[in-house]
Amino acid sequence: MAAPPQREDQQTDVVIVGAGILGINQLYRAVQAGYSVRLLEQADGVGGTWYWNRYPGCRFDSESYTYGYLFSVELWQEWDWSEEFAPQPETERYLNRVVDKFDLRRHIRLNSKVTSAVWDEGDATWTTRTEDGFEVRSRYLISTTGVLSVPQYPDVPGREDFAGETYHPVRWPKAPVDLKGKRVAVIGTGSTGVQIGPAIAGEVESLVMYQRSATWATPLNNHPIDADQQAHLKANYEPIKAELDASVGGFLHKPAGKKWVDDTPEQRRAFFESVWNSPGFAKISTNYEDLLFNTDANADWCAFMADKIRGIVNDPATAAKLIPTDHLYVGLRPPYVTGYYEMYNQPNVELVSLRDTPIVKVTETGIETSDGLREFDVIIWATGFDFGTGAMLRMGIVGEGGLTLNDYWADGPLTYLGIMTHGFPNFFFPGGPHGAAGNNPRYGEHQVVFVQDVIDYARDHGQRRIEVPKADEQAWMDMIAQLLPYSSFVKRGQYYGGNTPGKPVAYLLNPGGRPKLDEFMTKAVQSGYQGFLS
Ligand code: NA7
């Protein structure tokens with residue numbers, strides 16, 4: 001007989017789902033504001049993305065100190081990031097340190113995968129249940145389950161038949177994986193696959209990268225943070241925080257302040273060279289201001305990158321395969337790499353273009369493409385995520401009148417600020433679909449603060465129910481539709497759900513970015529959340 005549900009914390013004010021970077025931030029704020037909180041996390045540790053993604057080569061491509069928390073100057077002063085772009089183990093340590101420093105662990109229940117969350121209109125509460133039978137009622141339900149948390153495996157015939165080791169980077173084992181001397185296949189050359197390749201190419205016997213689409217990968221340009229930079233960071237907490245809080249992308253990169261149309265061809269080459277040598281996402285944020293709005297400018301940058309690829313990769317046929325021909329820069333999420341193109345000059349590394357020779361099937365011993373079978377000891381499926389809505393639509397969320405979130409979002413998510421959805425009172429999802437695009441923790445933090453503020457406001461005004469009016473949700477959706485033509489992303493990528501078979505094609509980011517997010521938030525706050533509270 002199934003064990004009866006364990007009822008705990010009947011009066012819990014807030015349930016948060018997910019102990020990733022935003023869940024920990026939300027927990028910190030809710031505890032500080034004096035609420036009783038229960039955070040449910042499906043893993044056996046905290047960290048979210050930085051718990052699950054322990055694959056070789058996993059690291060930030062946002063600068064470490066811009067990604068961490070800014071809510072505590074003491075934390076800022078005591079934590080030394082070792083590199084401009086920190087590796088995963090360091091970030092996991094950092095998040096554990098934060099949880100301990102602010103005494104948050106006692107509010108967290110690990111190994112708690114949420115299977116249902118149901119709204120009860122009568123007493124205005126949510127009842128949340130987990131896979132192991134735990135049940136908790138709360139006034140508020142906050143999902144911080146992330147946009148990149150549900151791994152995606154492709155529907156390739158015979159995938160289960162392979163008798164060797166298989167891994168998905170997002171479920172990489174905690175125990176060390178020994179790839180030394182093994183024949184390894186990596187499927188997928190998105191941001192993840194191109195981090196894994198160079199990290200393992202030196203130790204494996206052979207590495208075959210299976211590429212369906214080439215991407216515009218550029219150098220990460222990482223470096224250790226030396227004592228001088230460390231001192232500079234410590235001395236400048238206030239101005240750095242102010243700049244990050246105000247910047248459009250959540251980065252410290254300085255805009256170029258010029259357009260491609262205004263430069264000569266020689267000036268463009270010199271400028272692109274400096275952009276190529278800049279760190280991470282500066283390739284976008286310090287590039288020409290018309291880069292993403294002027295096809296000629298973007299094509300010129302792509303031609304520059306193509307020359308770079310041909311200059312690094314010795315074999316012209318391999319170089320040609322690595323150069324995208326179906327999208328311009330930021331048509332897909334651009335990866336940032338260390339030693340990626342260079343690795344193809346190693347004799348044990350090979351690139352297979354699945355556009356030329358598609359996969360026929362996976363067999364017990366390897367991968368068969370249209371030009372034959374290659375045998376492997378290990379296959380790594382770096383095939384991405386069910387982006388944006390993947391986790392939330394697997395949580396069994398039921399709102400007003402028995403409406404399921406899956407039904408309400410059947411044609412794509414309908415949100416307000418990427419935080420709330422009509423018909424699901426007292427439910428929030430900072431860091432969910434329709435958030436801004438950029439350095440996630442920065443605009444996500446604005447969303448976390450908005451959620452905490454509206455809950456505080458309801459408490460202070462004796463209201464117990466918060467629901468976004470349909471008209472406000474529609475206004476946000478209209479903004480997305482109006483600005484969508486300015487988005488550079490192509491429909492087949494994750495940001496439209498186009499990478500996930502069977503998913504409706506609907507834009508999952510906020511094309512108005514942080515400026516629109518902040519504008520709508522300010523309006524709601526200044527109106528006293530008019531129409532939201534009852
Ligand atoms: P991505 O960027 O979605 O990349 C997934 C890769 O897997 C991409 O190259 C895909 O090719 C490839 N893929 C997906 N399905 C298949 C099949 N069926 N056959 C062959 N290849 C396939 O995910 P990542 O994990 O690399 O990066 C995601 C995030 O990491 C990123 O947004 C950052 O925030 C960090 P395709 O392009 O679809 O042709």
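In what follows, every heavy atom counts, from backbone to side chain, and hydrogens, waters and symmetry copies are set aside. Residue indices begin at 1 and follow the sequence shown.
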>> Give me the atom names and distance for the closest heavy-atom approach of Q447 to G418.
In response: NE2-O, 3.5 Å
>> To check you understand the geometry: which heavy-atom pair defines the closest contact between F85 and G280, and what is its length?
In response: CZ-N, 3.8 Å
Is it the case that [X] and [Y] place a side-chain donor and acceptor less than 3.5 Å from each other?
X	Y	answer
T404	N406	no
Q474	D478	yes
R464	N426	no

Give me the one residue out of [options] that meets side chain to side chain contact (heavy atoms under 4.5 Å, CB included) with [X].
X	options	answer
T128	I397, T12, V136, T115	V136
F387	Q152, R333, Q494	Q494
Y496	L508, V490, L484	L484
L27	V99, L22, L104, T144	L104

For [Y], does the six-membered ring have the charged nitrogen or CZ of [X] within the cation-pi criterion, i.e. under 6.0 angstrom from the centroid and within 45° of the normal?
X	Y	value
R139	Y35	no
R54	Y51	yes
R137	W126	no

>> So, using salt bridge (Lys or Arg N to Asp or Glu O under 4.0 Å) as the criterion, who are the partners of E131 when residues are at least two apart?
In response: none
Kindly compute the distance separating [atom1] ([X]) from [atom2] ([Y]), expressed to the nearest 0.5 Å.
X	Y	atom1	atom2	value
Y408	T421	OH	OG1	5.0 Å
Y65	E83	OH	CD	12.0 Å
Y329	T215	OH	OG1	10.0 Å
D472	E467	CG	CD	11.0 Å
L328	W216	CG	CH2	8.0 Å
M420	I466	CE	CD1	6.5 Å

Between [X] (side chain only) and [Y] (backbone N and O only), is there a donor and an acceptor less than 3.5 Å apart?
X	Y	value
Y443	G249	no
S112	L110	yes
R465	E121	no
S64	E84	yes

>> Tell me whether the count of non-hydrogen atoms from other residues, nucleotides or ligands lying under 6.0 Å of CG in D155 goes above 12.
In response: no
>> So for atom CD, which belongs to E519, do other residues, nucleotides or ligands contribute more than 12 heavy atoms lying within a distance under 6.0 Å?
In response: yes
> For E473 and K470, what are the C-alpha separation, side-chain angles and deciding distance, and is it a salt bridge (Lys or Arg N to Asp or Glu O under 4.0 Å)?
Replying inline: CA-CA 5 Å; E473 181 183 275; K470 187 68 193 163; 2.7 Å; yes
Hey, would you say the [X] and [Y] ring centroids sit under 6.0 Å apart?
X	Y	value
W50	F60	yes
Y153	H168	yes
F71	F102	yes
F520	W476	yes

> What's the verdict on side-chain contact (heavy atoms from CB on, under 4.5 Å) for R514 and S247, showing C-alpha distance, side-chain angles and the deciding distance?
Replying inline: CA-CA 8 Å; R514 210 169 170 190; S247 85; 4.0 Å; yes
State whether [X] and [Y] are salt-bridged, where the test is any N-O pair (Lys NZ or Arg NE/NH1/NH2 against Asp/Glu carboxylate O) under 4.0 Å.
X	Y	result
R59	E90	no
D80	K234	yes
K241	E238	no
R129	E135	yes

>> Evaluate V261 against D290 for side-chain contact (heavy atoms from CB on, under 4.5 Å), listing each step before the verdict.
In response: CA-CA 8 Å; V261 285; D290 52 349; 3.8 Å; yes
> How are the rings of Y140 and F428 set relative to one another: parallel (under 30°), tilted (30 to 60°) or perpendicular (over 60°)?
Replying inline: tilted
> Using 30° and 60° as the class limits, which term best fits the ring planes of Y529 and F532: parallel, tilted or perpendicular?
Replying inline: perpendicular
> Going through the checks in order, is the ring-ring contact (aromatic ring centres under 6.0 Å, His included) test met by Y94 and W79?
Replying inline: CA-CA 8 Å; Y94 171 79; W79 185 268; 5.1 Å; yes
>> Once side chain to side chain donor-acceptor pair (under 3.5 Å) is applied, what residue pairs with a partner in residues 381-393 remain, sequence neighbours excluded?
In response: D386-R394, D386-K503, T389-K503
> Do N25 and R29 have side chains that get closer than 4.5 Å, going by heavy atoms?
Replying inline: yes
> Within a strict 4.5 Å, meaning less than it, do heavy atoms of the N287 and W260 side chains meet?
Replying inline: no
>> Apply side-chain contact (heavy atoms from CB on, under 4.5 Å) to residues L40 and F134 and explain how you reach the verdict.
In response: CA-CA 10 Å; L40 304 173; F134 176 77; 3.7 Å; yes
> Quick one: which of W409, F424, Y416 gives a ring pair (Phe, Tyr, Trp, His ring centres under 6.0 Å) with F429?
Replying inline: W409
